[in-house]
Asks: 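One structure is given below, represented as structure tokens, and several questions about it will come after.
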Amino acid sequence: MAMTMTQKILAAHAGLDEVAAGQLILADVDLVLGNDITSPVAIAEYEKLGKNEVFDREKVAMVMDHFAPNKDIKAAGQCKMCRDFCGRMDITNFYDVGSMGVEHALLPERGLVVSGDVVIGADSHTCTYGALGAFSTGVGSTDMACGMATGKAWFKVPSAIRFELTGKLGKYVSGKDVILHIIGKIGVDGALYKSMEFCGEGLHTLSVSDRLCMANMAIEAGAKNGIFEVDDKTLAYIREAGGKEPKVYTADPDAVYDETYTIDLSTIRPTVAFPHLPENTHTVDEIDEVKIDQVVIGSCTNGRLEDLQIAADILKGKKVCKGVRAIVIPATQKIYLQAMEQGLLKIFIEAGAVVSTPTCGPCLGGHMGILAEGERAVATTNRNFVGRMGHPKSEVYLASPAVAAASAIAGKICAPEEVL
Amino acid sequence: MKFTGTVIKYGDNVDTDVIIPARYLNTIDKKELASHCMEDLDATFAARVKPGDILVAGYNFGCGSSREHAPIAIKESGIALVIAKSFARIFYRNSINIGLPIVECEAAADAIAEGHTVEADLDAGIIRDLTTGEDYPTEPFPPFIQSIISAGGLVSAIRSGVIR
């Protein structure tokens, strides 16, 4: 029977020759991930299982990124709980302040995820690793606990929507604009329970950074996972990250898809999602004046080196608009260092932006840039729900690093071309 | 599993950020989480919810963050059952894993109004709006999911050997 890319990976991990959409399976996992918010709940559940060791101490990763560096005493307690657990279980991949970064930027960078893997993470944006041709999906803390104990997870095999990419993105248009465009088209539950499989000639023109950003937001369309065909760029990225030997799966030519969309990348314009859903998209060309108080450039969606390079390219020699607070957050220590070496941090600071140590911080209204009542932010993050970045009456507009940087200069949402 | 309770109703795309805002995720204390449940959507929820109440909602309930704190807060607040037109998938599996009863039923979620008294028998596959007398059939859970629910959640299912 013909299978999609996701179905092939799941079948292989369930020890089955084939699987079909809707089938419930128990699959082996290659990595179980948690952070400082979700791991404490998982650890409490894990203790109930009465196990003295995890299934494989090298296949569990815990990253202190959400409320770290500790934002308050309670957050400090949660990180301590994770630290103690990882120490007791001798977990190899525990990332604390100093080595940590935003988890979904960190794990691929460290070579911890490769093509063909099955990854579960107690964080909804675990779907990011689909960019590398892995099946990866967000789960809850109980799944994380049971995954750590057994090395397995239950899944309902998803059907898939196919996105055939053609053409090439224009200048200052990025993967963020493509995925916002797609979510605007299919809606926040347009891919509910399904895989989003990306393929086509246009895929090869996208950088790995763009792909990571797009797979990251598959969850914002309700998808179980987003997954990209593996090409030379993927393999080169994994090699450079020092990952284990990847296993490349391709969808059968006659695999069945619920729907197929053709996306011509050359027609995509910089796109912004208005409050309070990622599906409320408009291109920058159709936006009336929206004045802003804050800009955030960072997160698991857009905190990678390429994102900072684009933002710096726009901010170079310019000033952040008076009255706007611009916050730049490199996603990992490595990215931070590279941004320093390349002079990007100097550009940001001279423009009047602040640069923060890696953290998820403001994306989820944790710390490092909370909004007051009535304030508006343009953010390169992934969610603009009510209260997401602070006060329930604040607003978040989702955009690319290019649009965010341009908006910081203009003091209102605008196209990158407008400030050049 | 049988339930009878009063309905509290919300709309589509109720996300886990409004179910339990991230500013309260620095604790895993269930009672504390429950005290802030639904705060950013409906500040009156925590004060008016009663044990046994039934939450009814529209499409894509529980979308967004994977925080298990969301179904935990709902369960701890006293909600006995969530009926929605559809659930976001992580919320759906989290609810099953922690033993919060949920059921997808478009017709019921559409018709049942705030304040109605509802009776649900998930084994028999029926939701009854006692206020209007209308019945709505529901799909039974697949046996595998049922075995997790019957065990009282995923951790209990593993402890008792239902899942190895």
Side-chain angles (χ1 to χ4, degrees), chain A residues 24 26 37-38 40-42 44-46 48-50 66-67 71-78 81 121-126 137-146 149-150 152 154 156 158 187-189 192-193 219-220 222-224 276-277 279 364-366 370 383 385-388 390 392, chain B residues 12-19 21-30 32-33 39-41 43 58-72 85-99 141-145 147-148 153-159 163-164:
Chain A
L24 284 156
L26 202 57
I37 300 290
T38 57
V41 179
E45 289 304 306
Y46 188 89
K48 294 180 193 164
L49 289 164
H66 276 58
F67 290 169
K71 81 178 180 97
D72 55 29
I73 294 168
K74 283 180 171 177
Q78 298 206 138
M81 187 177 176
D123 186 282
S124 61
H125 292 108
T126 302
T137 191
V139 296
S141 297
T142 296
D143 275 315
M144 180 192 174
C146 296
T150 64
K152 291 178 194 297
W154 65 270
K156 187 164 136 187
V188 291
D189 60 355
L192 198 57
Y193 300 117
I219 178 71
E220 293 348 309
K224 181 167 211 146
H276 288 286
L277 283 176
E279 70 183 20
L364 75 162
I370 304 303
R383 290 193 175 125
F385 300 149
V386 170
R388 175 73 179 180
Chain B
D12 295 335
N13 300 314
V14 174
D15 61 78
T16 52
D17 273 273
V18 294
I19 295 174
R23 56 185 179 275
Y24 304 119
L25 298 186
N26 55 4
T27 182
I28 59 172
D29 182 83
K30 293 178 182 181
E32 197 177 334
L33 292 169
E39 193 172 286
D40 284 358
L41 177 68
Y59 294 108
N60 206 24
F61 186 83
C63 61
S65 161
S66 66
R67 60 190 70 162
E68 205 161 288
H69 314 67
I72 289 171
K85 290 185 188 173
S86 64
F87 290 93
R89 58 160 286 275
I90 303 176
F91 183 90
Y92 186 87
R93 66 185 292 140
N94 284 350
S95 299
I96 288 165
N97 286 345
I98 69 158
F141 287 113
F144 177 80
I145 302 289
S147 68
I148 296 175
L154 189 60
V155 166
S156 306
I158 290 175
R159 283 183 66 178
I163 295 175
R164 283 168 206 284

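Per chain, numbering begins at 1; letters A, B, ... match sequence-line order. It should be emphasised that the depicted structure is a prediction, and the values quoted were computed from it without experimental measurement.
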Asks: Against B:Ser65, only a single residue in B:His69, B:Arg67, B:Glu68 fulfils side chain to side chain donor-acceptor pair (under 3.5 Å); can you say which?
Replies: B:Arg67
Asks: Name the option with the most non-hydrogen atom pairs under 4.5 Å to chain A; the candidates are B:Leu41, B:Asn94, B:Ile90.
Replies: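 Ranked by heavy-atom pairs under 4.5 Å with chain A, first place is B:Ile90.
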Asks: Enter the distance from B:Glu32:CD to B:Thr27:OG1 here, rounded to the nearest 0.5 Å.
Replies: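 Those atoms lie 4.5 Å apart.
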Asks: Checking A:Leu24 against chain B: side chain, backbone, both or neither under 4.5 Å from a heavy atom?
Replies: side chain
Asks: Answer with yes or no whether the side chains of B:Asp15 and A:His276 bring together a donor and an acceptor at under 3.5 Å.
Replies: no
Asks: If we define contacts as heavy-atom pairs under 4.5 Å, which of A:Phe67, A:Trp154, A:Tyr193 has the most with chain B?
Replies: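 Heavy-atom pair counts peak at A:Trp154.
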Asks: Which atoms of B:Phe87 come close to chain A, meaning under 4.5 Å heavy atom to heavy atom: side chain ones, backbone ones, both, or neither?
Replies: both
Asks: Does a donor on one side chain sit under 3.5 Å from an acceptor on the other, for A:Arg383 and A:Ser124?
Replies: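 There is such a pair (donor and acceptor under 3.5 Å, judged by atom type) between the side chains of A:Arg383 and A:Ser124.
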Asks: Please look at A:Leu364 and chain B and tell me whether the side chain, the backbone, both or neither of the residue comes under 4.5 angstrom of a heavy atom of that chain.
Replies: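 Answer is both: backbone and side chain atoms of A:Leu364 are under 4.5 Å from chain B.
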Asks: May I have the step-by-step check of side-chain contact (heavy atoms from CB on, under 4.5 Å) for B:Asp40 and A:Phe385, ending in yes or no?
Replies: CA-CA 10 Å; B:Asp40 284 358; A:Phe385 300 149; over 6 Å; no
Asks: When you measure from the side chain of B:Asn60 to the backbone of B:Cys63, do you find a donor-acceptor pair of N or O atoms at a distance under 3.5 Å?
Replies: no
Asks: If you count heavy-atom pairs under 4.5 Å with chain B, which of A:Ile219, A:Val139, A:Asp72 comes out on top?
Replies: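 Ranked by contacts with chain B, first place is A:Val139.
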Asks: So does A:Thr38 get a backbone contact from the side chain of A:Ser141, meaning a donor-acceptor N/O pair under 3.5 Å?
Replies: yes
Asks: With a 4.5 Å cut-off on heavy-atom pairs, point out which of A:Lys156, A:Lys224, A:Glu45, A:Lys48 contacts chain B the most.
Replies: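 Highest number of heavy-atom pairs under 4.5 Å: A:Lys224.
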Asks: Go through B:Ala88, B:Ser66, B:Pro21 and name the one with the most non-hydrogen pairs under 4.5 angstrom from chain A.
Replies: B:Ser66
Asks: Please identify, among A:Gly365, A:Gly140, A:Ala122, A:Gly222, the residue contributing the most non-hydrogen atom pairs under 4.5 Å to chain B.
Replies: A:Gly140
Asks: Check each atom of A:Met144 against the heavy atoms of chain B and say whether the ones under 4.5 Å are side chain, backbone, both or neither.
Replies: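 Answer is neither: A:Met144 stays 4.5 Å or more from chain B.
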Asks: Return yes when atom NZ of B:Lys30 has more than 12 non-hydrogen atoms of other residues, nucleotides or ligands closer than 6.0 Å, and no otherwise.
Replies: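 Counting other residues, nucleotides and ligands, NZ of B:Lys30 stays at 12 neighbours or fewer.
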Asks: Tell me, out of A:Leu277, A:Thr126, A:Leu192, who's got the most heavy-atom pairs with chain B below 4.5 Å.
Replies: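 The candidate making the most pairs under 4.5 Å is A:Leu192.
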Asks: Which region of A:Gln78, side chain (C-beta onward) or backbone (N, CA, C, O), has a non-hydrogen atom less than 4.5 Å from a non-hydrogen atom of chain B, or is it both or neither?
Replies: side chain
